[in-house]
Amino acid sequence: MAESWRTEKKRPKIKVLPWPAIPAPTVEEVYAGVDEKRKEYSLWVESAVRQQFNADKPESLNGIRVLDMTTNMIIGHWCSSHFSELGAEVIMVEPVGGDPLRKLTPFGREEYMFTSKDGEKCGARFLAEARNKLSVTLNVETEEGRNLLKAIIPQVDVLIENGAPGHYDKLGIGYRQLSEINPRLVYLWVGQRGQWGPLKDQPGAMDPVAQCSMGFAHGTGAPVSFGGTPTRSGWWLCDQVGGTFAAIGAMAALYAREKFLGKGQFVECTAAEGVIRIIDYNWGWNGMDGSVRPRYGNWDLAINIYAVNPCADGQIMVGGGHDRLWFRIWRAAGKAKPYLEQHICEDPKLRVVTDRLPHYQQVETYTTLVEWMKDCTRFQCETALQEEEVASGGVSFLDEVCEFPHYKYRGHVRLLDDGEYGQVLLGGSSFIGQKTPGRIKWIGRPVGKDNEDVFRSLAGLNRQQLASLKKGGVI
Amino acid sequence: MSSPFRETSLILECPKCETLNYLDPFTFWNFKGKIKCAGCDAIWAYQLVNGTRTAAPAAATGPHDKMPGYAQSKDWKTITDFSKVNKGPQAREDFQGKPIPISKSKRGNPVSGTPLTAADLVGSRPKQFAK
Amino acid sequence: MVDKALKDMTFEDFCRSVFNTKDTFHKPEVLKGIRAISTTQYILGPSCAAYLAELGAETIKVELPKRGEPMRHTTPFNEPFLYPLSRWMPEKGTGLGFFGANPNELFLSLDFHKPEAIQIMKRLAAKSDVSCENYRAGTFDRWGIGYRQFKDLNPRMVYQWMGGFGGWGPGRNRASYDILGQAQGGCFSITGWPKEYGGMPSKQTIWIMDYWGGAISAFNIIACLYWRDNVSGEGQFLEYSQVHGAQRHLTDFISLYGKTGIVAQRWGNWEPLLCVHGILKCGKSSYPNSKNPQEQEVGFCFVSAFKDDDFKKLCGVVGNAELAKKYPTHADRVGSDAQQAIYPALEKFAADKTKEEVWAAFTGAGLVSQPVWNSNEAANQEHWHLRGSMQWLDDPTFGDVQTQGVAYRLSDTPGRIKHVFKPVGADNEFVLSNLCGYGGSEIADLEKKEII
């Protein structure tokens, strides 16, 4: 037996608090003492978009059917979550035995996994993005599996896959073949770096591949002079951003199909290119004079003040680059230490917005600012800065996020009463709208739970056929 | 006349030459060691715990452990010499923190990165990019 | 459907031909005929409108006269600018912070504090399909140009409000920026090195919560247009809260907290779910003679080998068979103690190599690997330029600029970049005469009164 990595014995038992530990504020508490006119607007928005009324409203993508055939990456699941939250019927097509992502849990700790009614365990990363989706299994490596897929394709609007470049095409279920069967099909391929182009044969895996291949990881973290190294994001950021762009692409294709095109099309989106699109000025800057974006830790290259700095009990974010906010921030600092405000306001180098941007001016600014903040807690800093209407907030850890009164009041964090997995704490849909808001109906399904329903209703399979497919390892 | 910066933690006012040495919170939030004043090269033993100094700077002898992130004199003269202050991150070797007039892109084509005069414009567009 | 010639191609040639960036402008645009007003600043709102503009919507960006929106005055370390800022201020430039959030738009300048401006806004609203707005919640309503007024003028309008905390709830008066989203959404707390390694929570250096929130909103807008045009005929009011979006990223961490009480922490360049799946430090710089300090840095290389076979291969490459014996299964490797033992052992192999050498060794053995490229190395990849996700653009105003392209590819109705942005008020005459019924002398008059 290998040396055991398991240090469970040493781990203290964590007492799980019921959520919410502190009840969400009531309407009266939230709007106490607010003048009528302002309150009237807030109450109007609240009544228009509050998520607890969602079930009374229609869904904008009702009637769209999406097959999510991606495995082993979050990008496809994240993308199909957009559709499922807005009411499309999303069917996750997993290989027999389920998506390998289901098995992943932090540090391999099984006690962190969620258990369905029939005792099947599923990791949280997968489960959180299986929201509102049905689960079927299908082995497309077999002839029968492919035939079954082709049989249901006429009834599908969007198909998402992330096979190796050209793999589905070779199997005879790529865009070229399926669009013959259903010309209205929107066929979406997602991946890390693309299915064509010089890098296509570099195998992709899960997220950090994309983070490293387009300059994100190099630009995140502290600079060498501060003792830092390139840093990857703690979550699968490129997959999630890429998934959102993939969803825009597929949605645009659906819109075009209905509006004027009359047919579906081939769509492709990758995790790396999602972040290439949004990595602000990197390419423009590099194109002008060959500059290479350096890391700048928790400060910002292009805005001063716009940073996260340490304070007495953690870290605090404060932002406000242009003059109005700049002076308000110093006014907040000056209430406690007037000489700091005076020093900054007198400094001739800091009078013009853009003159504050060079590195040494940023050092001067933040060192002076922290000279005030080091004596205050996150809450004290936040309160002082918000009195001046400056954007500011402490760095929150997960427990603080889940207990944040604003989130609890608005339903951003809420308990889902799931039929399979019981009470699950969850981030609510971020599609907030008046008439067709997003919603979460269930958290996910055990592997192949909906095989029978889906294949009966879409392919007309009977009991016998289902049993034989199951026996043959096709579903 | 006593300066309020005598008592500050992250801004080390040199007791000798009154230069303000900025000890950026990135590097110095928790620190124990010797700092070289960027103004007069005096070495000061200094300790910071969560950004707060434990005692006034004490004279010490070299070598120093760290240089301040930035420094300036009382009459706003900047000290940005790499031998005096910690080197900042740079996107290029000739990095200067001032708008750089750029008339050619990386691949040698004209680009409008140079200040224009009203005469250079047709409406909102430059008449030409480079001289 | 695919014609015969395309059917016989190899798959890669087929992709190259249907996604060919040279054909982009010969294909129709998805949102042709959709008009969007963007009364937005910074990144969150503008980027949302920009994604619609990439798809062909006629997007009108409304900003303050002369100096424009604050983002024009942000640029890395005060160095690069594109000139002019506006025809009134030719000697001033637009900073690169404006890049990427405003392509393809028409630029109208308008001072909302003047009553004529409200009139112009109403005329625009009557003819528009989408409005993106990110002023403080309720401000536009007070000025008479909010959703409640617009819906009477134009019931088909999809009105997207975007901002930090939303227009209701305890935090409704708080302002927000990208990093506030990252901070209060909890994203900071799980990125960076753990305390034991001397680390602090670290932000994602790019303005991710702004750009990504804009994308979520753009998806919702297109979905609502779909619903409007195919089902109901109605527009509606949408709200996007940035801190909510940030926190939506972390759904599984939230579920874990709810179930186990675990407050997820940072795990540096490694991966809590998988091992080996992390970034290794390589000991040598790839460009030791470069003058650029960024290129003098030592390299880093990502490697993934979490399957048992792959891990064996990896141990073979680094010449540490002991390791393979010690941690034969994924369950043995993925624990925190094991990770802390495995990665340093792997880094010993990389200690005297550049990232390219490490990359070559790993990919040679059939492993998934990727060097950590800086922005110059990424920009030099033919791959991204060929695919159109990066491109050199002959911008009508600013000349030869390298810019990001559209993130996704569509074979029949691709998005496209026409210009990166324009100076403040560049399209005043066009918009006002085309859509608002103003004549030449009236426009000159508006300009004199500093309304535009």
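Here is how names work: the chains are called A, B, and so on, in the same order as the sequence lines, proteins then strands, and each is numbered from 1. Keep in mind it's a predicted model, so treat the numbers as computed, not measured.
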Name the region of [X], side chain, backbone, both or neither, that has any atom closer than 4.5 Å to a heavy atom of chain A.
X: Val401(C); value: neither
X: Val420(C); value: neither
X: Glu377(C); value: neither
X: Ser47(C); value: neither
X: Asn292(C); value: side chain
X: Gln247(C); value: side chain

Self-check item: Stepwise side-chain contact (heavy atoms from CB on, under 4.5 Å) check, Arg193(A) with Gln370(C)
Solution: CA-CA 11 Å; Arg193(A) 287 171 296 202; Gln370(C) 170 67 50; 2.3 Å; yes
Please check: side-chain N/O of [X] versus main-chain N/O of [Y], any donor-acceptor pairing under 3.5 Å?
X: His244(C); Y: Gly428(A); value: yes
X: Gln434(A); Y: Leu238(C); value: no
X: Thr251(C); Y: Gly427(A); value: no
X: Ser430(A); Y: Gly245(C); value: no
X: His383(C); Y: Leu199(A); value: yes
X: Asn374(C); Y: His218(A); value: no
X: Tyr226(C); Y: Ala252(A); value: no
X: Gln402(C); Y: Met288(A); value: no
X: Gln404(C); Y: Asp280(A); value: yes
X: His406(A); Y: Phe165(C); value: yes

State, with a plain yes or no, whether a side-chain heavy atom of [X] is found less than 4.5 Å away from one of [Y].
X: Phe188(C); Y: Ser396(A); value: no
X: Trp373(C); Y: Cys212(A); value: no
X: Lys203(C); Y: Asp300(A); value: yes
X: Leu256(C); Y: Pro106(A); value: yes
X: Val243(C); Y: Tyr407(A); value: yes
X: Pro76(C); Y: Leu357(A); value: no

Checking [X] against [Y]: charged group under 6.0 Å from the ring centre and within 45 degrees of the axis?
X: Arg50(A); Y: Trp168(C); value: no
X: Lys259(C); Y: Tyr112(A); value: no
X: Arg277(A); Y: Tyr211(C); value: no

Quiz item: Should the pair Phe107(A) and Trp267(C) be assigned to parallel (<30°), tilted (30 to 60°) or perpendicular (>60°) ring geometry?
Solution: perpendicular
Practice problem: Using the six-membered ring wherever Trp is involved, compare the ring planes of Phe19(C) and Phe266(A) and label them parallel, tilted or perpendicular (cut-offs 30° and 60°). | Solution: tilted
State whether [X] and [Y] are salt-bridged, where the test is any N-O pair (Lys NZ or Arg NE/NH1/NH2 against Asp/Glu carboxylate O) under 4.0 Å.
X: Arg172(C); Y: Glu46(A); result: no
X: Arg248(C); Y: Glu129(A); result: yes
X: Arg174(C); Y: Glu389(A); result: no
X: Glu239(C); Y: Arg410(A); result: yes

Need one label for [X]: side chain, backbone, both or neither, based on atoms under 4.5 Å from any heavy atom in chain C.
X: Phe260(A); value: side chain
X: Phe404(A); value: side chain
X: Val292(A); value: both
X: Lys259(A); value: side chain
X: Asp289(A); value: neither
X: Ser233(A); value: both

Quiz item: Hey, what do you get for CH2 (Trp196(A)) to CD (Glu12(C)), rounding to the nearest 0.5 Å?
Solution: 8.5 Å
Quiz item: How long is the gap from CD1 on Ile206(C) to OG1 on Thr220(A), to the nearest 0.5 Å?
Solution: 7.0 Å
Quiz item: Looking at the rings of Phe431(A) and Tyr240(C), which for Trp means the six-membered one, are their centres under 6.0 Å apart?
Solution: no
Self-check item: Output field: ring centroids Phe253(C)/Phe397(A) closer than 6.0 Å
Solution: no
Contact winner vs chain A - [options], heavy-atom pairs under 4.5 Å:
options: Ala378(C), Ala183(C), Gly258(C); value: Ala183(C)
options: Thr403(C), Leu386(C), Leu31(C), Leu180(C); value: Leu180(C)
options: Ala407(C), Gly261(C), Gly405(C); value: Ala407(C)
options: Tyr257(C), Trp392(C), Trp193(C), Trp207(C); value: Trp207(C)

Quiz item: So with a 6.0 Å cut-off around CZ of Arg38(A), is the heavy-atom count from everything else above 12?
Solution: no
Practice problem: For the pair Trp44(A) and Phe237(C), evaluate ring-ring contact (aromatic ring centres under 6.0 Å, His included) and give the outcome as yes or no after the intermediate values. | Solution: CA-CA 11 Å; Trp44(A) 173 79; Phe237(C) 177 81; 5.3 Å; yes
Exercise. Report yes or no: do Trp212(C) and Thr244(A) form a side-chain donor-acceptor pair below 3.5 Å?
Key: yes
